[in-house]
Amino acid sequence: MDVKIVEVGLRDGLQNEPVTLATEVKKELIERLFQSGIKHLEVTSFVHPKWIPQLSDADRLAAGLPRLPVTYRALVPNLRGLKRALDTRIDEYAVFLSASESHNRKNINKSIRDTIPVLREVVQLAHQHGKRVRGYVSTVFGCPYEGNVPVQNVVRICEQLLDMGVYEISLGDTIGVAAPLEVKHRLKDIMSAVPASKLAGHFHDTRGTGLANAYVCLEAGIYTLDTSFGGLGGCPYAPGAAGNLATEDLVYMLNRQGIDTGIDLDRLCETSLYVQKHLGKPLPSKMLQSYAAK
Ligand code: HMG
Ligand code: MG
């Protein structure tokens with residue numbers, strides 16, 4: 001089984017932190033993640049700097065990214081964001097929207113209906129520049145404002161994203177409410193519209209179900225999983241959202257089952273300790289805590 005881990009800590013992890021890391025520290029972190037064996041890195045967002053100040057150095061960071069054999073990814077919400085990203089070393093872009101109306105409005109200031117044509121333009125222009133685009137769907141398993149989100153809404157948005165030409169759809173449990181059996185059932189419905197090979201799992205670990213939900217993805221044939229070093233993460237426009245599933249925790253589980261990720265767990269834990277030092281607080285990953293206690 002070939003599992004692709006997309007490290008989203010520099011974007012999803014840092015976007016919710018009270019401390020903003022300096023661009024040079026982010027670059028050092030990227031080097032260390034690469035040394036740990038990470039190959040896919042979502043490093044920033046070309047969103048409005050007032051909305052996400054922690055990533056307001058997106059242009060500078062992305063233009064000066066270390067030249068490494070990794071795939072650099074970034075979020076782009078609209079054409080303005082894409083135009084900023086095109087001048088940089090970012091290899092792939094990601095567009096994003098929510099399956100629930102209220103979260104979409106809080107997060108990107110538009111209705112779902114009005115968001116679709118904006119994203120379509122982004123994907124078209126990115127393709128003209130030879131760049132691939134991933135699509136994120138948030139609130140797939142629940143919304144902080146509306147609670148339950150009908151699975152038909154998720155399926156409809158996935159179909160619209162596929163129609164735009166995204167190569168992959170990452171399914172976000174934005175507030176970390178999902179439980180494994182529910183993930184299994186929801187995936188079955190979603191996979192009637194999107195093949196497993198085009199899906200990724202993006203689980204926030206707010207209630208400790210992230211790893212179990214990731215395992216359900218693997219059983220369903222979804223081998224791309226988004227994680228964050230140390231379990232850092234959260235969406236400022238989703239109250240109650242906590243960290244992403246920790247990269248260390250997933251790598252430990254996979255390694256222990258004989259699935260090689262190419263990631264050196266000790267080096268990865270050392271990298272998270274480096275982040276801890278800069279953020280001035282302990283990170284939640286269970287694997288990291290066990291490593292630090294050695
Ligand atoms: P808006 O205010 O509606 O934008 O923001 P607008 O189009 O009305 O423009 C207003 C001003 O913003 C204009 O400037 C634009 O030029 C400027 P003015 O003419 O007034 O001087 N502007 C921009 N500036 C820089 N970069 C841009 C940009 N766009 C417009 N890209 C916008 C709309 C989408 C920009 C805003 O709502 C925003 O930045 N939202 C950010 C939301 C965000 O980053 N959320 C977190 C990421 S999503 C997430 O975490 C979920 C995920 O992890 C999956 C999961 O867990 O579910 C992916
Ligand atoms: Mg997220």
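Start at 1 and go down the list; that is how both ligands and their atoms are numbered.
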| Under 2.8 Å from the Mg ion (ligand 2), which protein N/O/S atoms are there? | Asp12 OD2, His202 NE2, His204 NE2
| field | Ion pair check, Glu28 and Arg32, cut-off under 4.0 Å | value | yes
| said: Which label fits Trp51 and Tyr237: parallel for a plane angle under 30°, tilted from 30 to 60°, or perpendicular past 60°? | reply: tilted
| query | Got more than 12 heavy atoms from elsewhere within 6.0 Å of NZ, Lys286? | reply | no
| query | Is Arg267 salt-bridged to Glu270, cutoff N-O under 4.0 Å? | reply | no
| query | Between Arg132 and Glu168, is there a salt bridge with N-O shorter than 4.0 Å? | reply | no
| message | Is there a path of hydrophobic side-chain contacts, each under 4.5 Å between heavy atoms of I/L/V/M/F/W/Y residues, joining Phe203 to Met191? | response | yes
| field | Cluster overlap Val19 with Val25, hydrophobic side-chain contacts below 4.5 Å | value | yes
Atom pairs, nitrogen or oxygen, ligand 1 to protein, under 3.5 angstrom:
| from | atom 1 | to | atom 2 | distance (Å) |
| --- | --- | --- | --- | --- |
| ligand 1 | 3 (O) | Asn109 | ND2 | 2.8 |
| ligand 1 | 12 (O) | His48 | NE2 | 3.4 |
| ligand 1 | 16 (O) | Arg80 | NH1 | 2.9 |
| ligand 1 | 24 (N) | Arg80 | NH1 | 3.2 |
| ligand 1 | 26 (N) | Arg84 | NH1 | 2.8 |
| ligand 1 | 29 (N) | Asn78 | ND2 | 2.8 |
| ligand 1 | 31 (N) | Phe46 | O | 2.9 |
| ligand 1 | 31 (N) | Asn78 | OD1 | 3.0 |
| ligand 1 | 31 (N) | Gly81 | N | 3.4 |
| ligand 1 | 39 (O) | His48 | N | 2.8 |
| ligand 1 | 40 (N) | Asn107 | O | 3.1 |
| ligand 1 | 45 (N) | Asn107 | OD1 | 2.8 |
| ligand 1 | 50 (O) | Arg11 | NH1 | 3.0 |
| ligand 1 | 50 (O) | Gln15 | NE2 | 2.8 |
| ligand 1 | 53 (O) | Arg11 | NH1 | 3.3 |
| ligand 1 | 53 (O) | Arg11 | NH2 | 2.9 |
| ligand 1 | 53 (O) | Asp12 | OD2 | 3.0 |
| ligand 1 | 53 (O) | His202 | NE2 | 3.3 |
| ligand 1 | 56 (O) | His202 | NE2 | 3.0 |
| ligand 1 | 56 (O) | His204 | NE2 | 3.0 |
| ligand 1 | 57 (O) | Ser138 | OG | 2.6 |
| ligand 1 | 57 (O) | Thr174 | OG1 | 2.6 |

| said: Quick one, Thr224 and Arg134 - any side-chain contact, counting heavy atoms below 4.5 Å? | reply: yes
| message | Does this structure show an ion pair linking Asp59 with Arg84, if we count only N-O contacts that are shorter than 4.0 Å? | response | yes
